[in-house]
A.B. asks: 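Before anything else, here's the structure in question.
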2 protein chains.
Amino acid sequence: MVTKGKISEEVKCPVTGILQLIGGKWKPIILYCLRSETRRFGEIAARIPSISRKVLTEQLRELEQDNLILRVQFNEIPPRVEYSLTAMGKSLSPILHEMEKWGLENIMNKK
Amino acid sequence: MVTKGKISEEVKCPVTGILQLIGGKWKPIILYCLRSETRRFGEIAARIPSISRKVLTEQLRELEQDNLILRVQFNEIPPRVEYSLTAMGKSLSPILHEMEKWGLENIMNKK
DNA sequence: GCCTTTAGTTACCATTTAGTTACCACTTTT
DNA sequence: AAAAGTGGTAACTAAATGGTAACTAAAGGC
C-alpha cells in the first residue's frame, strides 16, 4: 500500500492526476475514436482491432465511471449500446488533438 | 505474438503511435519534470517520490532510446548524470502543456 | 433444431509492468 | 573506521494488464 499517502502529496502535479484518468494503454485511443461521433461497441472494436472485447468493455466502464464517456443502452435484441463523450470527455479534446498532430508529424511520415 | 502484424495496420492511428513512446505510467510525468530544466537523476527522483529508482532508470533508458531525452554522464566522484529533453522531446511540450492545463482546471480545484 | 447477430459476463491463465530490498563503486567528511 | 553522497544494478515479488473460451438473451433465416 504505497498509494494513499503519496497521491495527496503528489497531486501538486496536475499531470499525475490526469494520468489516473486517461493513462491506460487504450484510453486515449478510445477517446480519440469517440471524439466526433457517438459509436456502438462493435464500431469501436472494429476501429481498434487489436483490443480484445473484454478489455474494451473494462476500459469503457472505467471511462464511464470517471465521467468521461456516456453509455446508453437500448434494450433490444440483439442489444445495442451507444457510447459518446460527456462534456468532461470533450474537454480532453485539445490533448487528443495535440497527440494526433504530433503523431502525424513525427511518426506517420517517418516510416 | 500479436503485435508485429497489427501495429502496421493500426498505425493509421497517430494516437496509437505516440502512445508507444509516452504511454507508460510514468513517462509523461518524467517529461513534464524535464520540460524546462536539465535535471539530475536524484532531482527527478525527488520530484516524483513514488517512483522507485529501478523503474525511473528503466523509463529514462527507454526515453533515451526513443530519442526524447538526452543523458549526459560526468565521470566525477560522486558521479553526476544530467537529463534533458532533446528537440523531439521538446516537441511534445504542447501535449504536456494541455495535460497540465486540464489537470489544473479539472482536478486540482475539485478536491 | 441449429446458426447468426450483439454486447456483454465469467473463469481462468499468461504477460507485462512496477515495486522492494539489498548491494556496488569511489571519494570526502566525520 | 564508518557514514554520506550519487547513480545505479540484481534478484525477487507483487500488481496491473491482456488474452481465450464458453456462456447469455431473443428473434430471424435455413
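When reading the values below, keep in mind they use all heavy atoms of this one structure, side chains included, and skip hydrogens, waters and symmetry mates. By convention in this document, chain letters (A, B, ...) are assigned in the order of the sequence lines, proteins followed by strands, and residues within each chain are numbered from 1.
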A.B. asks: Go through the steps to decide whether A/Ile69 and A/Ile30 satisfy the test side chain to side chain contact (heavy atoms under 4.5 Å, CB included), and finish with yes or no.
C.D. replies: CA-CA 10 Å; A/Ile69 64 172; A/Ile30 294 170; 5.6 Å; no

A.B. asks: Take atom CG of B/Asn75 and atom P of D/dT6, then tell me their distance rounded to the nearest Å.
C.D. replies: 17 Å

A.B. asks: Salt bridge check, B/Glu58 against B/Arg61: does any charged N sit closer than 4.0 Å to a carboxylate O?
C.D. replies: no

A.B. asks: Using whole Å, what does the distance between atom P of nucleotide D/dG7 and atom CD of B/Glu58 come to?
C.D. replies: 18 Å

A.B. asks: In whole angstrom, give the distance that lies between atom CD of A/Glu62 and atom P of D/dA16.
C.D. replies: 11 Å

A.B. asks: For A/Leu60 and C/dG8, give me the distance from atom CG to atom P, rounded to whole Å.
C.D. replies: 7 Å

A.B. asks: Can you tell me if the side-chain N/O atoms of B/Trp26 get under 4.0 Å from OP1 or OP2 in C/dG19?
C.D. replies: yes

A.B. asks: Rounding to an integer number of Å, can you tell me how far A/Glu43 CD sits from C/dT5 P?
C.D. replies: 17 Å

A.B. asks: When you get a sec, tell me which of D/dT9, C/dG19, C/dT10 is the closest nucleotide to the side chain of A/Lys54?
C.D. replies: C/dT10

A.B. asks: Taking only the side-chain heavy atoms of A/Pro78 (C-beta and beyond), determine which of C/dT6, D/dG7, D/dT20 contains the nearest atom.
C.D. replies: C/dT6

A.B. asks: Looking at A/Arg80, I'd like to know whether one of its side-chain N or O atoms comes within less than 4.0 Å of OP1 or OP2 on D/dA26.
C.D. replies: no

A.B. asks: Out of D/dG7, D/dG8, C/dG8, which has the shortest distance to the side chain of A/Phe41?
C.D. replies: C/dG8

A.B. asks: If you assign each of B/Arg61 and B/Ile77 to its closest nucleotide in DNA chain D, which residue comes earlier from the 5' end?
C.D. replies: B/Ile77

A.B. asks: With heavy-atom distances below 4.5 Å as the criterion, would you say the side chains of B/Arg53 and B/Phe41 are in contact?
C.D. replies: yes

A.B. asks: Atom CD1 of A/Ile29 and atom CD1 of A/Ile44: how far apart are they, to the nearest 0.5 Å?
C.D. replies: 12.5 Å

A.B. asks: As a test of reading the structure: which of D/dG18, D/dT9, C/dG8 is closest to the side chain of A/Lys25, going by heavy atoms?
C.D. replies: D/dG18

A.B. asks: Rounded to the nearest Å, what distance is computed from the CD1 atom of residue B/Ile44 to the C1' atom of nucleotide D/dG8?
C.D. replies: 13 Å

A.B. asks: Give a yes/no answer on whether the side chain of B/Gln59 brings an N or O atom under 4.0 Å of OP1 or OP2 in C/dA18.
C.D. replies: yes

A.B. asks: Between A/Pro79 and A/Arg40, what is the shortest heavy-atom contact and its length?
C.D. replies: O-NH2, 3.7 Å

A.B. asks: In terms of side-chain heavy atoms of B/Val55, which of D/dG19, C/dG19, D/dT6 is nearest?
C.D. replies: C/dG19

A.B. asks: Given atom CD of B/Gln73 and atom P of C/dC26, what is their separation to the nearest angstrom?
C.D. replies: 13 Å

A.B. asks: On DNA chain D, compare the nucleotides closest to A/Arg53 and A/Pro79; which residue's is nearer the 5' end?
C.D. replies: A/Arg53

A.B. asks: Rounded to whole angstroms, how far apart are CD on A/Gln20 and P on D/dT17?
C.D. replies: 11 Å

A.B. asks: Using a heavy-atom cut-off of 4.0 Å across all strands, would you classify B/Phe74 as base, sugar-phosphate, or nothing?
C.D. replies: nothing

